[in-house]
K.L.:
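Below you will find the structure I want to go over with you.
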Number of protein chains: 2
Amino acid sequence: MPYDPSAFPPFAVTVDLVVLTVRRHSLCALVVRRGEPPFQGRWALPGGFVRADEDLAAAAARELAEETGLCAHDPATPAQGNGAHLEQLATYGDPKRDPRMRVVSVAHLVLAPDLPAPRAGGDAHSARWAPVEALLNQGGYGREGEQAAPLAFDHAQILADGVERARSKIEYSSLATAFCPAEFTVGELRRVYEAVWGVALDPRNFHRKVTGTVGFLVPTGGTTTRQGGRPAQLFRAGGATLLNPPMLRPEV
Amino acid sequence: MPYDPSAFPPFAVTVDLVVLTVRRHSLCALVVRRGEPPFQGRWALPGGFVRADEDLAAAAARELAEETGLCAHDPATPAQGNGAHLEQLATYGDPKRDPRMRVVSVAHLVLAPDLPAPRAGGDAHSARWAPVEALLNQGGYGREGEQAAPLAFDHAQILADGVERARSKIEYSSLATAFCPAEFTVGELRRVYEAVWGVALDPRNFHRKVTGTVGFLVPTGGTTTRQGGRPAQLFRAGGATLLNPPMLRPEV
DNA sequence: ATCATAGTCGTCTCACTGACGATAAACACT
DNA sequence: AGTGTTTATCGTCAGTGAGACGACTATGAT
């Protein structure tokens with residue numbers, strides 16, 4: 001019964017991107033304003049159709065490049081450019097998620113360093129970074145009277161899933177370094193954890209932990225004082241991808 | 001440019017199932033023999049097309065019921081039948097993964113208690129439990145000269161991903177109880193961990209750990225001696241879904 | 001000089017794990 | 001009945017690692 005080529009319903013397949021970065025001590029996601037109905041004028045996650053002979057990860061990387069100029073390197077391809085981390089997140093296929101037609105969307109998660117300065121994509125719609133807190137607490141009010149309109153489609157759910165993935169994944173992997181520039185200090189890395197988790201961490205215990213985990217950080221020899229205060233050692237991400245034992249997210 | 005209803009390429013969307021259980025001290029997966037080309041006669045994961053107005057999880061549950069009679073309850077639906085655990089695993093969409101057409105498959109992971117006695121699905125193809133070790137070590141030789149033919153399509157990769165998900169998820173969640181019947185002993189739960197991880201665990205430390213984690217196990221009052229030896233207390237799964245601190249998988 | 005800021009090193013305590021001894025309660029033999 | 005085997009369960013002890021927090025260092029700002 002299966003595999004009668006004329007007997008399967010056709011689907012549209014898209015990729016949606018949860019692009020996260022840390023800006024000004026808070027976790028932000030890339031959103032674009034929709035220029036057409038449905039949800040015209042609302043914010044949405046960037047994304048688009050998968051092409052006829054294009055792999056899912058390739059489609060995600062292409063959309064990312066179109067939208068931000070970032071060059072994603074997924075972990076399988078260890079071409080360590082200035083690229084961001086890209087991984088598949090989950091797939092959303094509720095029959096009613098798009099009112100126009102049956103669309104199955106394969107969401108991807110991208111973790112990028114700060115300040116790629118979002119540029120408008122091929123379309124004229126605008127793009128911006130928005131704090132995930134404001135995007136998800138649609139019931140609450142943004143800090144400065146920000147728009148409280150929820151994201152288009154089921155994108156709030158997708159974003160929430162992506163944020164949760166990022167929050168849990170930096171516990172047991174070295175992925176937090178994907179939010180940092182090529183060289184960074186322990187303090188900068190700590191501020192990434194604090195922004196993603198939304199908690200305060202003890203600088204001394206954090207320093208002991210990350211410098212004591214073999215393969216996590218390698219010193220470059222340089223120092224910097226860009227954060228003020230005493231100069232800090234600069235590090236690059238080490239080869240280790242899994243943290244064992246993991247970073248512990250403080251209770252509640 | 002996006003969302004021109006005539007401008008997106010049509011895809012077939014399927015669900016594939018990684019159904020895992022523990023039988024005779026080893027982790028086994030449900031496989032079906034393909035009755036038609038391509039890969040005719042080879043073993044494959046059960047699965048099928050998503051219907052036109054069917055949710056992805058619903059399609060997975062339907063295929064599971066057709067194939068095994070199991071009633072899956074996904075965690076969102078806390079209808080705790082004799083059902084198995086079901087969750088989305090990942091999506092596979094390589095343009096060449098199916099030689100006939102462009103198929104995107106949303107793989108799901110099912111964890112089931114032992115012995116649902118696989119029944120043939122709607123089709124005449126046979127179904128069986130096979131140790132994942134034999135299915136994945138296609139280069140090696142099965143214990144009893146089992147067939148060494150690899151799984152059809154990219155199903156070996158999907159199975160490997162599902163097994164890895166199960167192995168890591170029982171570390172920090174109470175999901176191992178999904179492999180157990182409604183009432184079980186600490187020893188039975190330990191043998192689940194041992195089978196999934198492929199290691200031996202110290203019975204005394206394991207007992208201390210699981211009985212000391214609040215919300216993991218609740219005693220039913222009964223005892224059983226079905227494993228031989230001293231009678232063991234019976235437990236049900238408690239309300240806790242996350243284990244904190246996690247079970248630690250022994251090194252190497 | 002003094003202060004504020006941020007980084008780095010140490011110490012103490014507690015929780016938890018791994019290794020492993022000891023006891024308990026069933027069954028299968030003799 | 002006794003002995004051995006099997007599995008369950010309780011205890012002990014040492015080592016690792018995390019949280020709390022004191023102390024010191026090196027820079028820029030006032």
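Keep in mind that the numbers below use all heavy atoms, side chains included, and drop hydrogens, waters and symmetry copies. The chains referred to below are lettered A, B, ... by the order of the sequence lines, with proteins before strands, and numbering in each begins at 1.
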K.L.:
Please state how far atom CZ in B:R226 lies from atom C1' in D:dA8, giving the value in whole angstrom units.
P.N.:
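Interatomic distance, CZ of B:R226 to C1' of D:dA8: 14 Å.
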K.L.:
How close or far is atom P of C:dG21 from atom NE2 of B:H207, stated in whole angstroms?
P.N.:
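Atom-to-atom, B:H207 to C:dG21, this comes out as 19 Å.
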K.L.:
Hey, does A:R191 reach any base, or is it just sugar-phosphate, or nothing, if we go heavy atoms under 4.0 Å?
P.N.:
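If one applies the 4.0 Å heavy-atom cut-off, A:R191 turns out to touch the sugar-phosphate alone, with no base involved.
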K.L.:
If you look only at pairs with a residue in residues 218-239 of chain A, which of them pass as a salt bridge (Lys or Arg N to Asp or Glu O under 4.0 Å), with sequence neighbours excluded?
P.N.:
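Residue pairs passing salt bridge (Lys or Arg N to Asp or Glu O under 4.0 Å), neighbours aside: A:E188-A:R226.
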K.L.:
When the distance from CG of B:L217 to C1' of D:dT9 is rounded to whole Å, what number comes out?
P.N.:
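To the nearest whole Å, that distance equals 14 Å.
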K.L.:
Measure the distance from CG on B:N244 to P on C:dA15 and round it to the nearest whole Å.
P.N.:
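For the pair B:N244 CG and C:dA15 P, the rounded distance is 15 Å.
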K.L.:
Between B:R249 and B:E164, does any side-chain N to carboxylate O distance fall below 4.0 Å?
P.N.:
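Salt bridge present between B:R249 and B:E164.
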K.L.:
Which nucleotide in the list D:dG19, D:dT7, C:dT17 gets nearest to the side chain of A:L248?
P.N.:
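Looking only at heavy atoms from C-beta outward on A:L248, the closest nucleotide is D:dG19.
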K.L.:
Which comes earlier along DNA chain D counting from the 5' end, the contact point of B:P231 or that of A:D202, where each point is its nearest nucleotide?
P.N.:
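Nearer the 5' end of the strand: B:P231.
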K.L.:
Distance check needed: D:dA18 P versus A:E171 CD, whole Å only.
P.N.:
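Distance, rounded to whole Å: 13 Å.
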K.L.:
Starting at atom CZ of B:R204, determine the distance to atom P of C:dT23, rounded to an integer number of angstrom.
P.N.:
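Computing the B:R204:CZ to C:dT23:P distance gives 14 Å.
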K.L.:
Does A:V196 offer a backbone N or O that forms a donor-acceptor pair with the side chain of A:R167 under 3.5 Å?
P.N.:
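Such a contact is found between A:R167 side chain and A:V196 backbone.
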K.L.:
OP1 or OP2 of C:dC16 less than 4.0 angstrom from a side-chain nitrogen or oxygen of B:K209, does that happen here?
P.N.:
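The answer is no; no side-chain N or O of B:K209 sits under 4.0 Å from OP1 or OP2.
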K.L.:
Check if the side chain of A:R190 and the base of C:dG7 share a donor-acceptor pair of N or O atoms closer than 3.5 Å.
P.N.:
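Checked by distance alone, the answer is no.
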K.L.:
Please confirm whether any donor atom in the side chain of B:R208 sits under 3.5 Å from an acceptor in the base of C:dG18, or the reverse.
P.N.:
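Yes.
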K.L.:
Below 3.5 Å, does any donor atom in the side chain of A:R230 face an acceptor in the base of D:dT25, or the other way round?
P.N.:
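In this structure, the two groups form a donor-acceptor pair.
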K.L.:
Whole angstrom is fine here: how far is it from CZ in B:R249 over to P in C:dG18?
P.N.:
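So the CZ-P distance, B:R249 to C:dG18, works out to 13 Å.
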K.L.:
Say whether, by atom type as modelled, one donor and one acceptor occur between the side chain of B:H155 and the main chain of B:L45 under 3.5 angstrom.
P.N.:
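Checking the backbone N and O of B:L45 against the side chain of B:H155, a donor-acceptor pair under 3.5 Å is found.
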K.L.:
Give a yes or no on whether the ring-centroid distance for A:F235 and A:F184 is below 6.0 angstrom.
P.N.:
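Aromatic pair excluded; centres sit 6.0 Å or further apart.
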K.L.:
When the nearest nucleotide of DNA chain D is assigned to A:N205 and to A:G229 on a heavy-atom basis, which residue is associated with the more 5' position?
P.N.:
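Looking at the nearest nucleotide for each, A:N205 comes out on the 5' side.
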K.L.:
Expressed as a whole number of angstroms, how long is the span from B:M247:CE to C:dC16:C1'?
P.N.:
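Atom-to-atom, B:M247 to C:dC16, this comes out as 13 Å.
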